[in-house]
Amino acid sequence: MSSSLQTKKSLAKSLKKLMRSTPLHKISVKDVVKDCNLNRQTFYYHFHDIYELVEWIYKTEAIESIAEYKSYNTWVDGFYKIFLYIEGNKEFCYNTLNSLSRTHLDMYLFSVINDLLMGVINEISSDMSIKIEDKKFMADFYTHAFAGLVIQWMKDGMKEDPKVLIEKLKELIEGNFVIALKRYQQMI
């Protein structure tokens with residue numbers, strides 16, 4: 001692992017540690033570098049501000065972990081991994097949800113879910129003639145619904161078992177991707 005990556009991970013670990021007890025908007029770069037025994041210049045060499053570090057954490061820890069789940073047969077497992085990441089990083093995700101950087105959580109969820117769904121949609125439609133903008137519209141629609149479900153689950157205290165939620169979701173949309181894509185194909 002490169003020293004740059006090690007430094008970024010150290011900064012991320014410190015930020016997540018601080019976020020267990022302090023709201024994100026009250027954490028300074030000085031707090032983060034003090035916690036991991038680095039200097040401010042090192043922080044600014046890697047990140048523009050705390051919010052860029054938050055974004056990097058979501059991208060590296062979560063998005064990359066679902067890269068292999070972008071098919072019709074595995075999207076449920078990918079969606080479950082999103083729930084597991086949030087459960088495993090409860091304080092960090094709650095703090096982000098309730099902070100001024102809520103947009104970073106929203107961007108993370110949109111990015112990871114949209115990427116997963118585009119993989120599924122592209123797989124299903126591989127032998128169909130469908131405009132890319134129609135595929136994107138469909139992925140965006142379902143992404144907003146899925147992300148909203150995750151955010152509501154977090155706001156409700158993460159009480160419901162993610163597997164139960166995913167089963168309900170699967171039941172609701174099973175086969176709808178194919179039906180919708182066939183309709184888009186007829187519109188051409």
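In this chain, residues are counted from 1 in sequence order. Hydrogens, waters and symmetry mates play no part in the numbers below; they use all other heavy atoms, side chains included.
- Between Phe177 and Tyr142, the ring center distance clears the sub-6.0 Å criterion.
- We find the CD-NE2 distance between Glu52 and His46 to be 11.5 Å, quoted to the nearest 0.5 Å.
- No continuous path of ILVMFWY side-chain contacts below 4.5 Å connects Met128 to Met118, so the two sit in separate hydrophobic clusters.
- Heavy atoms of other residues, nucleotides or ligands lying less than 6.0 angstrom from NZ of Lys16 number more than 12.
- The number of heavy atoms from other shown groups lying within 6.0 Å of CD (Glu133) is above 12.
- The side-chain contact (heavy atoms from CB on, under 4.5 Å) check on Lys168 picks up Glu160, Val164, with sequence neighbours excluded.
- Taking both residues in full, the closest heavy atoms of Lys70 and Asp115 are given as NZ-OD2, 2.5 Å, listed atom of the first, atom of the second, then distance.
- Taking each heavy atom of Tyr69 and Leu116 in turn, the nearest pair found is O-CG, 3.6 Å.
- Qualifying side-chain contact (heavy atoms from CB on, under 4.5 Å) partners for Ala147, counting only residues two or more places apart in sequence or in other chains: Leu109, Ile113.
- The 12-atom threshold is not exceeded at CD of Glu171, counting heavy atoms of other residues, nucleotides or ligands nearer than 6.0 Å.
- Between atom CD1 of residue Ile179 and atom NZ of residue Lys182 there is a gap of 8.0 Å, rounded to the nearest 0.5 Å.
- The shortest side-chain heavy-atom distance between Glu55 and Tyr51 does not fall under the 4.5 Å cut-off.
- With sequence neighbours excluded, no residue forms a side chain to side chain donor-acceptor pair (under 3.5 Å) with Lys163.
- Note on residues 138-159: pairs passing salt bridge (Lys or Arg N to Asp or Glu O under 4.0 Å), not counting sequence neighbours, are Lys136-Asp140.
- The shortest distance between side-chain heavy atoms of Ile151 and Leu105 falls below 4.5 Å.
- Listed by chain and residue number, Ser14, Lys17 satisfy the side chain to side chain donor-acceptor pair (under 3.5 Å) test with Asp35 (two or more places apart in sequence, or in another chain).
- In this structure the side chain of Val33 never reaches within 4.5 angstrom of the side chain of Asn39, judged on heavy atoms.
- Of the N and O atoms on the side chains of Ser4 and Thr7, not one donor lies less than 3.5 Å from an acceptor on the other residue.
- Between His144 and Phe110, the ring planes are tilted. Angles from 30° to 60° get that label.
- For Tyr94, there are no side chain to side chain donor-acceptor pair (under 3.5 Å) partners two or more places apart in sequence or in a different chain.
- Aromatic ring orientation, Tyr108 versus Tyr85: tilted (interplanar angle from 30° to 60°).
- Test Val112, Leu169, Thr74 against Phe79 for side-chain contact (heavy atoms from CB on, under 4.5 Å) and you get one pass: Leu169.
- Lys8 meets the salt bridge (Lys or Arg N to Asp or Glu O under 4.0 Å) test with no other residue; sequence neighbours excluded.
- Remark: Thr22 pairs with no residue by the side chain to side chain donor-acceptor pair (under 3.5 Å) rule, at least two apart or across chains.
- For Phe137, the side-chain contact (heavy atoms from CB on, under 4.5 Å) criterion is met by Tyr184, not counting sequence neighbours.
- A distance of 11.0 Å separates CG in Leu5 from OG in Ser10, rounded to the nearest 0.5 Å.
- Residues in residues 112-133 take part in no ring-ring contact (aromatic ring centres under 6.0 Å, His included) pair, two or more places apart or across chains.
- One finds the NZ atom of Lys13 at 13.5 Å from the CG atom of Leu15 (value rounded to the nearest 0.5 Å).
- Both Leu84 and Ile82 sit in one connected hydrophobic cluster of ILVMFWY residues. Membership requires side-chain heavy atoms under 4.5 Å apart, directly or through other members.
- In this structure, CG in Leu11 is found 8.0 Å from OG1 in Thr42, a value given to the nearest 0.5 Å.
- With sequence neighbours excluded, no residue satisfies side-chain contact (heavy atoms from CB on, under 4.5 Å) with Ser21.
- Listed by first and then second residue, the side chain to side chain donor-acceptor pair (under 3.5 Å) pairs involving residues 75-84 amount to none (not counting sequence neighbours).
- Judged by distance alone, the side chain of Asn176 and the main-chain N or O of Leu172 form a donor-acceptor pair under 3.5 Å.
- Side-chain N or O atoms of Asn114 include none that pairs as donor or acceptor with a backbone N or O of Ser111 at under 3.5 Å.
- Smallest separation of non-hydrogen atoms from Asn95 and Met19: ND2-O, 2.9 Å.
- A donor-acceptor contact shorter than 3.5 Å links the side chain of Thr60 to the backbone of Trp56.
- Side-chain heavy atoms closer than 4.5 Å link hydrophobic residues (I, L, V, M, F, W, Y) into clusters, and following such links, possibly through other members, connects Ile130 to Val178.
- At least one donor-acceptor pair closer than 3.5 Å links the side chain of Ser125 to the backbone N or O of Ile121.
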Trace of the side chain to side chain contact (heavy atoms under 4.5 Å, CB included) decision for Phe146 with Ile173: CA-CA 11 Å; Phe146 288 19; Ile173 66 166; 3.5 Å; yes
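- Expressed to the nearest 0.5 Å, how far CD of Gln185 lies from OG of Ser129 amounts to 6.0 Å.
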